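To keep things clear, I will list the structure first and then write my remarks on it.
Because the structure is predicted, anything quoted here is derived from the model rather than measured.
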Amino acid sequence: MAQSATIFKADIQISDMDRNYSASHKLTIARHPSETDLRMMLRLLAFTIHADEQLQFTKGISTDDEPDLWNKSLSGEMELWIELGTPDEKRLKKACGLSKQVALYTYNERSAKVWWEKNQSNLQRFKNLNVYFIKDEIAESLSALAQRNMQLQITIQDGDIYFGDESNNIAVECENWKDS
């Protein structure tokens, strides 16, 4: 019998001074059986960085034709495609063709750096692609915050990101490997 997704609830308060965005979001996040808490929390981080009323979690890891998150306009146009991991160039080419903006969050230092060395020059042609890297120690700290019911506060100011709950506050740095 196939395992079903584990459901997480996150009540998040976002204060993003850089984008003049302040809002509360009550999110239901389905963690696929093959997904780790670390990856799920990185999806949540990506949500907070790009938070918008239209931004949605997708089926993600369980389907090949959807990103981890997307933002579609009211008319159905793809505004933002958010991907995690180290996808192949073909997938990123597809994403860049379908969406106005693409954000890729890489993690796992060893594999991400090897992937970047291999793909960096080819990815420069995608003018609407941003690539960010999250260090292992930051990803692990975020993973430690994972609970079935979470209340999180996120503050973003001058590019600095602070992500926390009632007892922990993590300074999150996303290294910018490629700007669009």
- Item | Counterpart residues, ring pair (Phe, Tyr, Trp, His ring centres under 6.0 Å), relative to F126 (two or more places apart) | none

- Item | Smallest separation among heavy atoms of S180 and K127, with atom names | CB-O, 2.9 Å

- Query: Transitively linked via ILVMFWY side-chain contacts under 4.5 Å: F57 with L104?
  - Reply: no

- Item | R125 with E89: basic N within carboxylate O range, under 4.0 Å | yes

- Item | Closest non-hydrogen atom pair between E79 and S73, with its separation | OE2-CB, 3.4 Å

- Task: Flag the pair H50 / Q101 as yes when at least one side-chain heavy-atom distance between them is below 4.5 Å, and no otherwise.
- Result: no

- Task: Indicate yes or no for a side-chain donor-acceptor contact from W81 to the backbone of L92 under 3.5 Å, with no hydrogens or angles considered.
- Result: no

- Message: Counting only heavy atoms from other residues, nucleotides and ligands, does the tally under 6.0 Å from NZ of K178 exceed 12?
- Response: yes

- Flag, side chain of N128 to backbone of C96, donor-acceptor distance under 3.5 Å: yes

- Rounded to the nearest 0.5 Å, how far apart are CD of E53 and CG of L74? 11.0 Å

- Which atom names give the shortest non-hydrogen contact between C174 and Y132, and what distance separates them? CB-CB, 4.2 Å

Counting only pairs under 3.5 Å, give me each side-chain donor-acceptor contact of residues 135-160, with atom names and distances, residues two or more places apart or in other chains.
| residue | atom | partner | partner atom | Å |
| --- | --- | --- | --- | --- |
| D136 | OD1 | E109 | N | 2.9 |
| S141 | OG | E137 | O | 3.0 |
| R148 | NE | I7 | O | 2.9 |

- Item | Over all atoms of both residues, closest heavy-atom pair of T106 and W177 | OG1-CZ3, 3.8 Å

- Item | Smallest separation among heavy atoms of S22 and S15, with atom names | OG-OG, 4.0 Å

- Message: When you compare the side chain of I29 with that of F47, does any pair of heavy atoms fall below 4.5 Å?
- Response: no

- Query: Is the backbone of S34 close enough, under 3.5 Å, to the side chain of H32 for a donor and an acceptor to pair up by distance?
  - Reply: yes

- Item | Joint cluster assignment, M40 & V172, ILVMFWY side-chain distance < 4.5 Å | yes

- Query: Which distance, rounded to the nearest 0.5 Å, do you find between the CH2 of W116 and the CD of E175?
  - Reply: 11.5 Å

- Message: Distance check, rounded to the nearest 0.5 Å: Q124 atom CD versus N119 atom CG?
- Response: 11.0 Å

- Do M78 and L80 share a hydrophobic cluster, counting only Ile, Leu, Val, Met, Phe, Trp and Tyr and linking them when any side-chain heavy atoms are less than 4.5 Å apart? no

- Drop me the distance from L44's CG to L69's CG, to the nearest 0.5 angstrom. 9.0 Å

- Query: Taking side chain as C-beta onward, heavy atoms only, is I82 less than 4.5 Å from I49?
  - Reply: no

- Task: Indicate if V131 and W70 have the same hydrophobic cluster label, given that clusters are the connected sets of ILVMFWY residues with side-chain heavy-atom separations under 4.5 angstrom.
- Result: yes

- Non-hydrogen atoms of L84 and R39 that approach each other most closely: CD2-O, 3.7 Å

- Residue pair L45 / Y105, side-chain heavy-atom distance below 4.5 Å: no

- CG of L42 to CD1 of I134, rounded to nearest 0.5 Å, is 5.0 Å

- Query: About how many Å separate CD1 of I14 and CD1 of I161, when rounded to the nearest 0.5 Å?
  - Reply: 11.0 Å

- In terms of hydrophobic clusters joined by side-chain contacts under 4.5 Å, are L98 and L55 together? no

- Query: Between T28 and K9, do the side chains contain an N or O donor and an N or O acceptor separated by less than 3.5 Å?
  - Reply: yes

